[in-house]
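What follows is a short report on a single structure.
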Amino acid sequence: MSSERAAKLKASVIARLRSVIDPETGADVVRMRLVEDIEVTKSGQVRYVFRPSSPVCPIAVYLVQQIKQAVAEVPGVTSQTINVTNYVAAEQLTELINREE
């Protein structure tokens, strides 16, 4: 995959993420800046940071599952790695969400 195709894939991932809505605010996760530092490799590997709106966000697990599913549905994405930060159980959630298939 060329760097141009990687850039197009990144744009597709961001567009898809705009459809993931935080049910508590009604805003999408991109607008809320809950997903940051999106990187897409030439092979279709997507890496990004999920930062819940608060360290004790009651729907963090739900949101990261919705985000992961949305990214997985983008044509051209071969895999994804999510780093959860700014959350009380960030390490455990990072491990869990990257292990799930």
Side-chain angles (χ1 to χ4, degrees):
M1 179 183 293
S2 70
S3 58
E4 182 179 320
R5 285 183 54 196
K8 286 181 180 179
L9 181 57
K10 180 177 179 178
S12 295
V13 166
I14 292 169
R16 181 68 181 93
L17 285 170
R18 291 186 192 282
S19 70
V20 179
I21 305 298
D22 179 330
E24 292 190 342
T25 64
D28 70 76
V29 297
V30 174
R31 191 169 130 215
M32 291 184 66
R33 290 191 254 175
L34 302 183
V35 178
E36 300 177 329
D37 302 329
I38 300 170
E39 296 176 16
V40 178
T41 67
K42 292 179 182 179
S43 63
Q45 162 80 31
V46 180
R47 293 185 187 97
Y48 54 92
V49 173
F50 169 63
R51 184 183 319 273
S53 56
S54 83
V56 292
C57 177
I59 59 170
V61 174
Y62 167 80
L63 280 174
V64 78
Q65 289 171 330
Q66 296 300 304
I67 291 164
K68 183 178 181 180
Q69 180 179 340
V71 172
E73 293 170 355
V74 175
V77 170
T78 57
S79 64
Q80 56 184 304
T81 304
I82 307 162
N83 181 31
V84 180
T85 186
N86 194 40
Y87 183 63
V88 292
E91 189 175 310
Q92 294 89 341
L93 186 52
T94 295
E95 184 179 322
L96 175 69
I97 200 66
N98 287 305
R99 187 175 54 212
E100 287 181 352
E101 287 305 317

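Keep in mind that the numbers below use all heavy atoms, side chains included, and drop hydrogens, waters and symmetry copies.
A70 approaches V20 most closely through the heavy-atom pair CB-CG2, 3.6 Å. Here the closest non-hydrogen pair linking K42 and S3 is CE-N, 4.3 Å. In plain terms, the two heavy atoms of G76 and L9 that are nearest each other are O-CD2, 3.6 Å. Counting all heavy atoms, side chain and backbone alike, I14 lies closest to V30 at O-CG2, 3.9 Å.
Taking the side chain as every heavy atom from C-beta outward, L63 and P23 approach each other to under 4.5 Å. Looking only at side-chain heavy atoms (C-beta outward), P58 and E24 come within less than 4.5 Å of each other.
A donor atom on one side chain and an acceptor atom on the other are not found under 3.5 Å apart for Q69 and Q65.
Of the inter-residue distances, the one linking F50 atom CZ with L93 atom CG reads 7.0 Å to the nearest 0.5 angstrom. Annotation: the span from Q45 atom CD to Q80 atom CD amounts to 8.5 Å, rounded to 0.5 Å. Expressed to the nearest 0.5 Å, how far CG of D28 lies from CD1 of I67 amounts to 10.0 Å. Remark: Y48 OH to I82 CD1 distance equals 3.0 Å, nearest 0.5 Å. Considering CD1 of I59 and OG of S53, their distance stands at 7.0 Å, rounded to 0.5 Å.
Between the side chain of T81 and the backbone N or O of R47 there is no donor-acceptor pair closer than 3.5 Å.
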Output a table of donor-acceptor pairs, distance under 3.5 Å, between side-chain atoms of residues 32-40 and any protein atom two or more places apart or on a different chain; print 'none' if there are none.
| residue | atom | partner | partner atom | Å |
| --- | --- | --- | --- | --- |
| E36 | OE1 | R51 | NE | 2.8 |
| E36 | OE1 | R51 | NH2 | 2.6 |

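The side-chain contact (heavy atoms from CB on, under 4.5 Å) check on A89 picks up Y87, Q92, with sequence neighbours excluded.
In this structure, E73 places its CD atom where more than 12 heavy-atom neighbours from other residues, nucleotides or ligands lie under 6.0 Å away.
One hydrophobic cluster, built from ILVMFWY side chains closer than 4.5 Å, cannot hold both V49 and V74; they sit in different ones. Hydrophobic cluster membership is shared by I97 and V77, with clusters built from Ile, Leu, Val, Met, Phe, Trp and Tyr side chains linked at under 4.5 angstrom.
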